[in-house]
Number of protein chains: 2
Amino acid sequence: MARPTVQDVARTAGVSVGTVSRVLNGSSAVSASAKEKVNAAIKELSYRPLASARDLRRDRTMRVLALAKNLDSLVISEVFRGVGDAAADSGYVSLIAATDGDRDREQQLVDMLRNGSVDGLVIFSPTMPDDDVNTVAEQLSVVQVCEIVDAEAAFGVSIDDRQAAYDITKHLINTGAKKLAMLAHRGARSGQLREEGFRQALTEEGLEPDTILLGEGNFGFHAGRELTKKLLEAKDLPDAIFCGTDVVAAGCVRELTDAGLRVPQDIAVAGFDDSAQAEMCVPELTTVRQPAYEMGRVAFAELLERMTVEGAHRKGRTFLPHQLVIRDSTK
Amino acid sequence: MARPTVQDVARTAGVSVGTVSRVLNGSSAVSASAKEKVNAAIKELSYRPLASARDLRRDRTMRVLALAKNLDSLVISEVFRGVGDAAADSGYVSLIAATDGDRDREQQLVDMLRNGSVDGLVIFSPTMPDDDVNTVAEQLSVVQVCEIVDAEAAFGVSIDDRQAAYDITKHLINTGAKKLAMLAHRGARSGQLREEGFRQALTEEGLEPDTILLGEGNFGFHAGRELTKKLLEAKDLPDAIFCGTDVVAAGCVRELTDAGLRVPQDIAVAGFDDSAQAEMCVPELTTVRQPAYEMGRVAFAELLERMTVEGAHRKGRTFLPHQLVIRDSTK
DNA sequence: TGCCCTTTTGGAATCGATTCCAAAAGTGTT
DNA sequence: AACACTTTTGGAATCGATTCCAAAAGGGCA
């Protein structure tokens, strides 16, 4: 048989559709006997309210969408776990989609917000230009997390990337480094902030801002190796390298080790994110821990406010505290 | 102003709603002048058809949902990238959700298929019992990928895990191993199959099935270390260890190295999946490559058939070819 | 111009759940 | 038993896009 409707349930239970709906939603009082009959009919027909009909009438979906370029990262999956848990607490379902850095794909997914397929959007790493983020955020329920572009209207949750980079650079200097290098991710907003923090720490200590190598595109293990290889071609080597992510740091350590250098005795290395790779690396990486799960939760909380409170387009950023994790890759 | 409807567009363009809809869907001929007026009105009002209304009327959503326990794995993200690309090719959007191994969460997500929030479901790692997978698959459009439970009605795409494990075990034996151990994942169906393949290879070679240590729950880097630690407590050590996943193999290698053993000279280690960690490990891991992206594409193709062809509940499995990747962790 | 045939158009009916309003049933008090 | 009041119920209207049918407009030809 075709999918049963509320009409079928009403007929089977011998009541009206109104009553069925009231049982379904507990919206107002229904006699015990009617409730029983309706529930029996629902079970008998294994009836489920059709989402599209319900959404149409209610004008909301109780769904949110989380976007990122890719999903293969502990930070992202933890952030989205936080979003998912917080969403569930409020009766929402959170869905995830990867854009693969494809503008059209991303556009299509943002359109899901425009056309009411979902009630809100969490953006991790946008592909679209900053202005577009801003335009979307002006009218719709959007919150950014981790990677936050300069958008007037957009709200965002992240750590203070500049400060965190500053802190870890200070740590490197405190352990005796005099000549520092950085492998930074051009293109990622957070990468630029981390670069700023790095520079600031050096300036304050009166050290010359040394080599900063910029990786573009896929900023991963191989990029870490390649950039480090370039670094090793220089005459005088740095005595500490700050890498924009742990995976890049892992590549860096690997390249140094292969070149016969000892980490941290010859060169200290620090990463960022405290991802799984930080512990898997030999030596284990000094890094910055982001409270990813918590960031996800906070991001959803903000989104919820935007979705439910009329005109609650509070702007600005929320910073959550980061944490320095000192391990063996710096002495 | 409130969201514009098809009525508003019709009024603005000076035509009927029917004409607007026809322009929107290109379903039948519309005069050039009318089309122009409608498109102008759509742009002026920045109109987007409301998804729920459209879905209700069309009785489909052009959305599919992909489920996995967690997302932090290259295999999963590649599989889902394949699903996403294949879906896009057919005009579908593919969404992803993590169950965190939580039965209720999973139930809620499967209900999205039941209530028509999505048209189809790709299941990577089910939490529910096999029978439930079967029941769902009997009535609805579901396809399993990678982790495939014994479900009569369910269709699945994967590699031949048993054969792959058999192949890599043979490889270990060919490189001279006489005493083999395995770290397998109890609970994962693929883990059991890999165990079978391992056993079969040993039996065929007339070797005693040696130690098989089973990891439960979180089968990751730490599990690899812990299980290996146990293995090292025994009097006589194996000369090769086959690990159910690369991440576990990385933990295994790390523990062996810390214990002063050399890989592969003292003990060879093989992994499974060819994930990012395989290359990041020192020595780089011998492993089995799954054609993850392709598996995703094929899985969606199967799903599409189920969704569109009436009664196309073709059963059984599709196996895609795996590939042995020989690296330095086995000599 | 008149006739027939094709193309285009308007508008009502439809999808299924919710909600509002008025009517019916129930409860209690005198 | 009659009244006032609350609780429960039925059913029509509604959400917005699509689709079907019949009517109107356009086109070609005699």
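So that the names make sense, note that chain A is the first sequence line, chain B the second, and so on, each numbered from 1.
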Atom pairs, protein N/O to nucleotides 19-25 of chain D N/O, distance under 3.5 Å:
from    : atom 1 : to     : atom 2 : distance (Å)
dC20(D) : N4     : R22(B) : NH1    : 3.4

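Regarding contacts with the backbone of dC15(D), every side-chain N or O of T5(B) stays at 4.0 angstrom or more from both OP1 and OP2. Distances shown here put a side-chain N or O of S16(B) below 4.0 Å from the OP1 or OP2 atom of dG10(C). The phosphate of dA17(D) (OP1 or OP2) has a side-chain N or O of Y47(B) nearer than 4.0 angstrom.
Applying the side-chain hydrogen bond (donor to acceptor under 3.5 Å, both in side chains) definition to pairs two or more places apart or across chains, those involving residues 65-83 of chain B are E78(B)-R81(B). Residue pairs meeting the side-chain hydrogen bond (donor to acceptor under 3.5 Å, both in side chains) criterion with at least one partner in residues 126-136 of chain A, sequence neighbours excluded, are D130(A)-R189(A). Residue pairs that meet the side-chain hydrogen bond (donor to acceptor under 3.5 Å, both in side chains) test with at least one member in residues 91-105 of chain B, sequence neighbours left out, are D85(A)-R105(B).
At a threshold of 4.0 angstrom between heavy atoms, the contacts of L50(B) are confined to the sugar-phosphate backbone, with no base atom among them. Residue-level contact check: V15(A) touches the backbone only, with heavy atoms under 4.0 Å from sugar-phosphate atoms and none from bases. Counting any heavy atom pair closer than 4.0 Å across all strands shown, V30(A) reaches sugar-phosphate atoms only and no base atom. Counting any heavy atom pair closer than 4.0 Å across all strands shown, A34(B) reaches sugar-phosphate atoms only and no base atom.
Rounded to 10 degrees, the angle between the two end axes of the helix from dT1(C)-dA30(D) to dT30(C)-dA1(D) is 40°, with five pairs used at each end.
Under 3.5 Å, the side chains of D119(B) and T61(B) contain a donor-acceptor pair of N or O atoms.
Taking R114(A) as the reference, D111(A) meet the salt bridge (Lys or Arg N to Asp or Glu O under 4.0 Å) condition, with sequence neighbours excluded.
Using a distance-only test at 3.5 Å, with no hydrogens or angles considered, a donor-acceptor pair links the side chain of Q144(A) to the main chain of V149(A).
The distance from atom CG of D55(B) to atom P of dA17(D) is 12 Å, rounded to the nearest whole Å.
With dA17(C), dT9(D), dT8(C) as the candidates, the nucleotide lying closest to the side chain of S31(A) is dT9(D). Distance from the side chain of A53(B) is smallest for dG16(D) among the nucleotides dT8(C), dT18(D), dG16(D).
The two residues P291(A) and I159(A) make their nearest non-hydrogen contact at CD-CG2, 3.5 Å.
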Handout entry: Criterion salt bridge (Lys or Arg N to Asp or Glu O under 4.0 Å) on R3(B) and D59(A), from CA distance to verdict
Key = CA-CA 11 Å; R3(B) 160 188 281 283; D59(A) 196 28; 5.6 Å; no
